[in-house]
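Okay, so here's the structure we're looking at.
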There are 2 protein chains.
Amino acid sequence: MTENTKERLLETAQRLFGQQGYDATSLRHIIAEAGVNLAAIHYHFGSKEELLDEIIQRSAGPVNEQRLALLDRAEAEAGGCPLSVEKVLHAFLWPMSTAADENPEFVRLMGRIHAEGMLHTIVQRHFQAVLARFVPAMRKAVPHLSPEEFLWRMHFMIGAMAHTMCGAPDFTRVTEAPGDFSRRIEFLIRFLSGGFHAPEGAGVEVKE
Amino acid sequence: MTENTKERLLETAQRLFGQQGYDATSLRHIIAEAGVNLAAIHYHFGSKEELLDEIIQRSAGPVNEQRLALLDRAEAEAGGCPLSVEKVLHAFLWPMSTAADENPEFVRLMGRIHAEGMLHTIVQRHFQAVLARFVPAMRKAVPHLSPEEFLWRMHFMIGAMAHTMCGAPDFTRVTEAPGDFSRRIEFLIRFLSGGFHAPEGAGVEVKE
DNA sequence: GTCTATACTGAGATAGAC
DNA sequence: GTCTATCTCAGTATAGAC
């Protein structure tokens, strides 16, 4: 039962990390639910952080491939022309919706990972290739923005996305039926579109 | 030296929480830098979480008062008319800029608190009163939005704000001189304004 | 190669002496 | 109010059974 142990650990850990967060989940809780020995984690993965790394690799891989595929197709359809903001956002965010339907815990985990910010090296390793494609694509969609304003808007996008993957608004109850993650993504794309299309520079009254 | 001990603990803990995060900062690290005994924390605060709670209360209090004062003044100037999105955002976000100049670690800590999401009860306790004023004010600024779309946009705003308080974009180095937090806030207000002003509903091509 | 048992260090928390 | 000693549980490491 060699593969069985490893697989059970991956599935259990992913679920618990997504539900409770990475720090809040102890290895002893994971092994208890998976029904394996504590040392099995260190045998198969080496450490708690490497366990997380393998979980991300397993699920983020397909999502990132789909992102790149959507971007490829959109760019092919556009010929050499720059894509619209909406198309870039769609290629980036839509695969999350697909993933959420079959794997909701993973999406919450991804949100946490981005938001917690601590495990910075892990994020960078798995999303570097995707960002390398999407940052230039988005840059071409809003060429009028200054480099600084553009980078900040990308930053805001990441923040909104991470928070949205983590959960729903909590000041009021919003229906959270299974499968309506796509709806959430549509709201997000509209909002971010508006943000990226906002006029640049000194248009805000900050008189104080 | 009773008050001295408590004060040193509060200041040291705030600095370390902001620099390293809440979970990553051990009580033993705090007491070592503050030069007090481990049990002093539990005597003065009761637990690590209550220590954090008191830190937030101390620094978030003035920020929230300033937020409410700015909102009061803006509403008084407007007579009975709804405020603009920009004015509401300004009243909500600008006090963070003031706080950042004299207390940068606190702002990073606030960002982490919002983003980590775990310490949910703490956030709710300290920001409930502020949200109770700002949610209706913003609602009046965008009355055409459906309730659902409105709540999601508030959610996106919180995410972008939390991520922005935590740090600067990291795919490229952005100048982070002291005192230019206000610049960051201006970028954020512009972006969020665009998001809130975005047209509602089925305007996104999600053909798949 | 795979898993079990056990021990080590450091975390937060608590009781009780002073 | 403060400090020492101690408790439980965390992540980690390793020796050895199968």
Side-chain angles (χ1 to χ4, degrees), chain A residues 1-58 109 112-113 116-123 125, chain B residues 1-58 109 112-113 116-123 125:
Chain A
M1 287 218 176
T2 149
E3 279 313 301
N4 209 329
T5 297
K6 190 171 180 180
E7 198 58 32
R8 266 209 313 282
L9 279 173
L10 284 168
E11 282 174 19
T12 310
Q14 170 171 312
R15 179 167 49 80
L16 293 177
F17 284 160
Q19 284 168 359
Q20 315 175 334
Y22 173 75
D23 282 323
T25 303
S26 72
L27 295 183
R28 284 170 172 85
H29 189 172
I30 296 170
I31 60 125
E33 294 215 4
V36 304
N37 186 273
L38 175 59
I41 288 185
H42 293 91
Y43 174 76
H44 285 289
F45 306 102
S47 70
K48 187 182 182 181
E49 193 166 324
E50 286 172 285
L51 166 61
L52 173 65
D53 197 273
E54 194 149 330
I55 289 173
I56 296 179
Q57 194 166 24
R58 245 189 9 154
L109 174 58
R112 282 184 194 279
I113 295 302
E116 287 182 9
M118 280 297 53
L119 316 132
H120 195 259
T121 43
I122 294 187
V123 176
R125 181 162 52 253
Chain B
M1 290 222 174
T2 151
E3 281 311 301
N4 208 328
T5 297
K6 191 172 180 181
E7 198 57 33
R8 265 212 311 284
L9 279 172
L10 284 168
E11 283 175 20
T12 310
Q14 170 171 312
R15 179 166 49 80
L16 293 178
F17 284 161
Q19 285 168 358
Q20 315 174 337
Y22 173 76
D23 282 323
T25 303
S26 72
L27 295 183
R28 285 167 171 87
H29 189 173
I30 296 170
I31 59 129
E33 294 215 3
V36 304
N37 187 275
L38 174 59
I41 288 185
H42 292 93
Y43 174 75
H44 285 289
F45 305 101
S47 70
K48 186 183 182 182
E49 193 165 326
E50 286 171 285
L51 166 60
L52 173 65
D53 196 274
E54 195 149 330
I55 289 173
I56 295 179
Q57 194 166 23
R58 243 184 16 148
L109 174 58
R112 283 184 192 280
I113 296 301
E116 286 183 10
M118 276 307 39
L119 315 133
H120 194 260
T121 45
I122 295 188
V123 176
R125 180 161 54 252

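This one's a predicted model, so the numbers in the text were calculated from it and none came from an experiment. Sequence lines set the chain letters: A, B, ... in the order given, protein chains first and strands last, and positions in each chain run from 1.
- The base of C:dG10 does not come close enough to the side chain of B:R28 for any donor and acceptor atom to sit less than 3.5 Å apart.
- Distance A:E49 CD to D:dA13 C1': 17 Å, rounded to the nearest Å.
- Checked against D:dA10, C:dG12, D:dT4, the side chain of A:S26 finds its nearest nucleotide in D:dA10.
- The CZ atom of A:F45 sits 16 Å away from the P atom of D:dA13 (whole-angstrom rounding).
- In this entry the distance linking CD1 of A:I31 with P of C:dA5 reads 11 Å, nearest Å.
- Computed from coordinates, the B:L9 CG to D:dG1 C1' distance equals 13 Å when rounded to whole Å.
- The structure places CG of B:L51 at 6.5 Å from CG of B:L10, a figure rounded to the nearest 0.5 Å.
- Counting any heavy atom pair closer than 4.0 Å across all strands shown, B:A39 reaches a base atom.
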Could you check B:R28 against B:L38 for side chain to side chain contact (heavy atoms under 4.5 Å, CB included), going step by step and ending with a plain yes or no? CA-CA 7 Å; B:R28 285 167 171 87; B:L38 174 59; 3.9 Å; yes
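- Looking at B:R58 and B:E11, no side-chain N of the basic residue comes within less than 4.0 Å of a carboxylate O on the acidic one, giving no salt bridge.
- In this structure, CG on B:L109 lies 6.0 Å from CD1 on B:I56, to the nearest 0.5 angstrom.
- As rounded to whole Å, 9 Å separates atom P of D:dA10 from atom CG of A:L27.
- Between the CD1 atom of A:I30 and the P atom of D:dT12 there is a distance of 11 Å, given to the nearest Å.
- For the OP1/OP2 pair of C:dG1 and a distance below 4.0 Å, the side-chain nitrogens and oxygens of A:H44 include no atom meeting the criterion.
- Which of C:dG12, D:dG11, C:dT4 sits closest to the side chain of A:N37 comes down to C:dT4.
- The shortest distance between the side-chain N/O atoms of A:H42 and the OP1/OP2 oxygens of D:dT12 is below 4.0 Å.
- Residue A:K48 contributes atom NZ, which lies 15 Å from atom P of C:dA11 at whole-angstrom precision.
- Distance check, rounded to the nearest 0.5 Å: CG of A:D23 to NZ of A:K48 gives 6.0 Å.
- Under 4.0 angstrom from either OP1 or OP2 of C:dC3 there lies at least one side-chain N or O belonging to A:T5.
- Of the candidate nucleotides C:dA11, D:dC3, C:dT6, C:dT6 has the atom nearest to the side chain of A:L38.
- Within the 4.0 Å cut-off from OP1 or OP2 of C:dC3, not a single side-chain nitrogen or oxygen of A:Y43 is found.
- D:dT14 atom P lies 17 Å from atom CD1 of A:I41, rounded to whole Å.
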